[in-house]
Amino acid sequence: MAISNMHETLLLYTKQKSMVNNKLSTTMMNMLNASKQTAESQAKYNDNINDIYYSYYESDPEAYEILMEQCENEHELELANLNSWEQELELQKNNLETQLNEINTFESSWTKLLQTNVKSDFSYGQISQ
């Protein structure tokens with residue numbers, strides 16, 4: 001009976017590991033998406049800067065300065081939001097990895113306990129000589 005309870009406990013840990021791994025995979029994909037959005041934002045910013053330069057630098061220096069400042073402010077705000085999201089995802093990833101390590105430790109302990117119990121059950125009825 002005790003062995004079956006240990007098997008159930010191990011199955012519970014397996015299920016928990018699976019759920020945490022699923023969440024970890026989702027978080028890692030979101031981190032990848034955040035990096036992609038950061039790169040896309042930088043490319044868009046570079047294109048905007050080039051457009052502003054070629055359109056206004058020589059013809060209207062005042063408009064050039066205003067548009068450059070506006071473009072930089074928008075870009076900094078977007079990067080701040082993306083960085084905040086990335087930091088949040090990094091925190092989630094660290095928490096999930098910690099949970100996974102704890103589950104692995106518990107699972108290892110229960111596996112060793114199960115092996116010990118199975119071993120003692122089989123050696124219990126033996127006659128020592």
Side-chain angles (χ1 to χ4, degrees):
M1 184 69 165
I3 291 175
S4 65
N5 288 340
M6 288 181 195
H7 279 291
E8 283 183 39
T9 303
L10 285 172
L11 288 174
L12 175 68
Y13 286 131
T14 302
K15 181 180 177 183
Q16 286 179 337
K17 266 189 355 184
S18 175
M19 291 181 346
V20 170
N21 276 325
N22 186 29
K23 289 178 186 176
L24 189 58
S25 294
T26 302
T27 302
M28 297 296 281
M29 284 303 292
N30 286 339
M31 290 177 76
L32 182 65
N33 286 335
S35 295
K36 178 184 172 193
Q37 286 183 7
T38 301
E40 288 173 350
S41 173
Q42 186 64 45
K44 180 182 165 188
Y45 170 74
N46 291 343
D47 290 342
N48 287 343
I49 292 295
N50 283 338
D51 290 344
I52 292 170
Y53 178 80
Y54 289 117
S55 298
Y56 296 99
Y57 184 71
E58 291 182 6
S59 63
D60 192 358
E62 288 178 22
Y64 169 77
E65 291 293 327
I66 293 169
L67 289 172
M68 284 293 288
E69 186 176 332
Q70 180 183 4
C71 188
E72 287 174 7
N73 290 339
E74 289 173 2
H75 181 64
E76 287 175 9
L77 178 63
E78 190 172 0
L79 283 182
N81 289 335
L82 288 170
N83 285 336
S84 173
W85 184 37
E86 282 182 306
Q87 289 173 352
E88 181 182 322
L89 290 171
E90 186 69 33
L91 222 91
Q92 284 178 357
K93 183 186 97 158
N94 290 339
N95 288 338
L96 290 169
E97 286 175 343
T98 301
Q99 286 179 11
L100 194 58
N101 287 336
E102 288 176 357
I103 292 169
N104 284 332
T105 302
F106 289 136
E107 185 180 39
S108 175
S109 298
W110 278 99
T111 301
K112 287 177 186 174
L113 186 61
L114 177 65
Q115 289 170 350
T116 302
N117 279 357
V118 168
K119 189 176 184 181
S120 68
D121 281 356
F122 281 107
S123 63
Y124 180 70
Q126 292 180 353
I127 300 171
S128 58
Q129 296 180 3

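Heads up: numbering here begins at 1 and tracks the sequence. The structure displayed is predicted, hence computed values, not measured ones.
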What pairs with E76 under side-chain contact (heavy atoms from CB on, under 4.5 Å), at least two apart in sequence or on another chain?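 In terms of side-chain contact (heavy atoms from CB on, under 4.5 Å), with neighbours along the sequence ignored, E76 is linked to N73.
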Kindly determine whether W85 and Q37 satisfy side-chain contact (heavy atoms from CB on, under 4.5 Å), including the steps that lead there. CA-CA 11 Å; W85 184 37; Q37 286 183 7; 3.7 Å; yes
Does Y56 have any ring pair (Phe, Tyr, Trp, His ring centres under 6.0 Å) partners at least two apart in sequence or in another chain, and if so, which?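 Counting only residues at least two positions away or on another chain, Y56 forms no ring pair (Phe, Tyr, Trp, His ring centres under 6.0 Å).
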Applying ring pair (Phe, Tyr, Trp, His ring centres under 6.0 Å), name anything that partners Y57, two or more places apart in sequence or on another chain.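 Scan of Y57 (ring pair (Phe, Tyr, Trp, His ring centres under 6.0 Å), adjacent residues dropped) gives Y53, Y64.
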To the nearest 0.5 Å, what is the distance between [atom1] ([X]) and [atom2] ([Y])?
X	Y	atom1	atom2	result
N5	W110	CG	CH2	8.5 Å
N30	S35	CG	OG	11.0 Å
N33	E86	CG	CD	10.5 Å
M29	T26	CE	OG1	9.0 Å
T38	K36	OG1	NZ	12.0 Å
Y13	E8	OH	CD	13.0 Å

Verify, without hydrogens or angle tests, whether S108 (side chain) and N104 (backbone) share a donor-acceptor contact under 3.5 angstrom. no
Return a table of donor-acceptor pairs under 3.5 angstrom between the side chains of residues 14-24 and protein atoms on other chains or two or more places apart.
from, atom 1, to, atom 2, distance (Å)
T14, OG1, L10, O, 2.9
T14, OG1, E107, OE2, 3.4
K17, NZ, E107, OE1, 2.8
N21, ND2, K17, O, 3.2

Is there a path of hydrophobic side-chain contacts, each under 4.5 Å between heavy atoms of I, L, V, M, F, W or Y residues, that connects [X] with [Y]?
X	Y	result
L91	L89	no
M68	Y54	yes
Y45	L82	no

For E90, all residues meeting salt bridge (Lys or Arg N to Asp or Glu O under 4.0 Å), sequence neighbours excluded: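 For E90, the residues satisfying salt bridge (Lys or Arg N to Asp or Glu O under 4.0 Å) (neighbours in sequence not counted) are K93.
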Residues at least two apart in sequence or cross-chain that pass side chain to side chain donor-acceptor pair (under 3.5 Å) with N46, listed by chain then number, are Q42
